[in-house]
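Structure first, commentary second.
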Number of protein chains: 2
Amino acid sequence: MAKAETPSPEELMKLDNFLCFAIYSANHAFTRVYKPLLDELDLTYPQYLVMVALWEKDDQTVGSLGEKLFLESSTLTPMLKRLEAMGYISRVRDRADERQVRVRLTEIGRALKEKASTVPLGIVDATGMEPAEIGRLKKEIATLRASLLR
Amino acid sequence: MAKAETPSPEELMKLDNFLCFAIYSANHAFTRVYKPLLDELDLTYPQYLVMVALWEKDDQTVGSLGEKLFLESSTLTPMLKRLEAMGYISRVRDRADERQVRVRLTEIGRALKEKASTVPLGIVDATGMEPAEIGRLKKEIATLRASLLR
DNA sequence: AGCTATTAAATCGCGTACGATATAAATCGA
DNA sequence: TCGATTTATATCGTACGCGATTTAATAGCT
């Protein structure tokens, strides 16, 4: 019986057959969908992800945020400074270990969670997918990410 | 019988349940996997995607490249200038329509395709997935992208 | 205690990425 | 044909994102 064939090098070199490109362009597409929703909150898409991480667990170090978001301190530090300047978070050196910086929500930052509560529905809507289907795809991609980072 | 329930707002607000975050972080993961492979070619990951598009179809305008890659001229113009400075492509105003810039591979740029031919295999390998599975996932994500851009 | 190694953030340089705007060329209409 | 509109790139300002390096603080070892 016919086995699945290894794709020819020609087929492998077509942009539209690249899984990485699908992900690359879907990521940009998400950014565009989020833009109008996040403009209301004065957040960029990456900033929003940081806020989501903090709403889920307040008082984290730069390092632990970086682990969760898969970002380096060289990316986070400037972003966090902007969020601080906007009054959404505070950045304070840890008294017990002065190497670490503790990132905490301000009252305003915490309150923003309510205002942001309608965002996920808007996104789910834009995907045109059922929640269960979204969950399955999300899981598959998270598994892929884990393989890539191995 | 039990129907799939709509997730609670609490569940919806957890970072690890975000499809967008899975894609966002998988995209970064791909960038990291590509890095060592593309260093050999002196290309960044986005530059590589442009080259792939040109290897597939030479002599394109900035606009048509942008459509295929979902990028704006404000992103492409500087990128293309770098690829031109590296000697991989040429940028020439179209004689018939001076508004357009035709992007063409140089001999060196064309030759680079051979050197890049082993890259896709390395990536497939890093995904830990079967080609058929990769194709299916790629298709799902492309469909998602289309929904988001609708 | 004192020296070394490690760790956590921050800084720097470079390359995307986009929205808004500018510039220049082609098209369209009266 | 000429003026207004549209189209194709380019430019500018802002914000990621990372690798390499720096700085400062802690941990670890003798």
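Proteins come first, then strands; the chains are lettered A, B, ... in the order of their sequence lines, and each starts at number 1. As the structure is a computational prediction, the values presented were derived from the model and not from experiment.
Checked options B:Arg110, B:Lys113, B:Arg104; the residue passing with B:Asp58 is B:Arg110 (criterion: salt bridge (charged side-chain N to carboxylate O under 4.0 Å, His left out)).
Note: CG (A:Leu71) to P (D:dC16) measures 10 Å, nearest angstrom. If you take CZ of A:Arg95 and P of D:dA24, they are 19 Å apart, rounded to a whole angstrom. Atom P of nucleotide C:dA24 and atom CD of B:Glu98 are separated by 13 Å, given to the nearest angstrom. Spacing between atom OH of A:Tyr24 and atom C1' of D:dG17 amounts to 13 Å, rounded to whole angstrom units. Taking atom CD on A:Glu72 and atom P on C:dG13, their separation rounds to 19 Å, with Å as the unit. Rounded to whole Å, the distance from CE on B:Met79 to P on D:dT9 is 15 Å. As rounded to whole Å, 10 Å separates atom P of C:dA26 from atom CD of B:Gln100. Per the geometry, CG belonging to A:Leu80 stands 15 Å off C1' belonging to C:dT11, to the nearest Å.
A residue-by-residue look at A:Arg82 and A:Asp94 shows that A:Arg82 has its nearest nucleotide of DNA chain D further toward the 5' end.
If you check every strand for non-hydrogen atoms under 4.0 Å, B:Leu76 touches nothing.
Between B:Tyr45 and A:Tyr24, the ring center distance clears the sub-6.0 Å criterion. Ring centroid separation for the pair A:Tyr48 and A:Tyr34 comes in under the 6.0 Å cut-off.
Contacts with DNA chain C (heavy atom under 4.0 Å) in residues 27-51 of chain B: B:Thr44, B:Pro46, B:Gln47, listed by number.
Residue-environment remark: CD (B:Glu130) stays at or below the threshold of 12 foreign heavy atoms within 6.0 Å. Counting heavy atoms of neighbouring residues, nucleotides and ligands inside a 6.0 Å radius, atom CG of A:Leu149 exceeds 12 of them.
OP1 and OP2 of C:dA8 both lie 4.0 Å or more from every side-chain N or O belonging to A:Arg93. The phosphate of D:dT11 has OP1 or OP2 within less than 4.0 Å of a side-chain N or O from B:Lys81. At D:dA10, one or more side-chain N or O atoms of B:Arg91 fall inside 4.0 Å of OP1 or OP2 (strictly under the cut-off). Using a 4.0 Å cut-off, no side-chain N or O of A:Ser73 falls inside it from OP1 or OP2 of C:dA9. A close approach under 4.0 Å does not occur between any side-chain nitrogen or oxygen of A:Ser74 and OP1 or OP2 of C:dA9.
Side-chain N/O atoms of B:Arg99 and base N/O atoms of D:dT9 include no donor-acceptor pair closer than 3.5 Å.
Considering only heavy atoms from C-beta on, A:Met51 comes within 4.5 Å of A:Ile89 through its side chain. Between B:Val62 and B:Gln100 the shortest side-chain heavy-atom distance does not fall below 4.5 Å.
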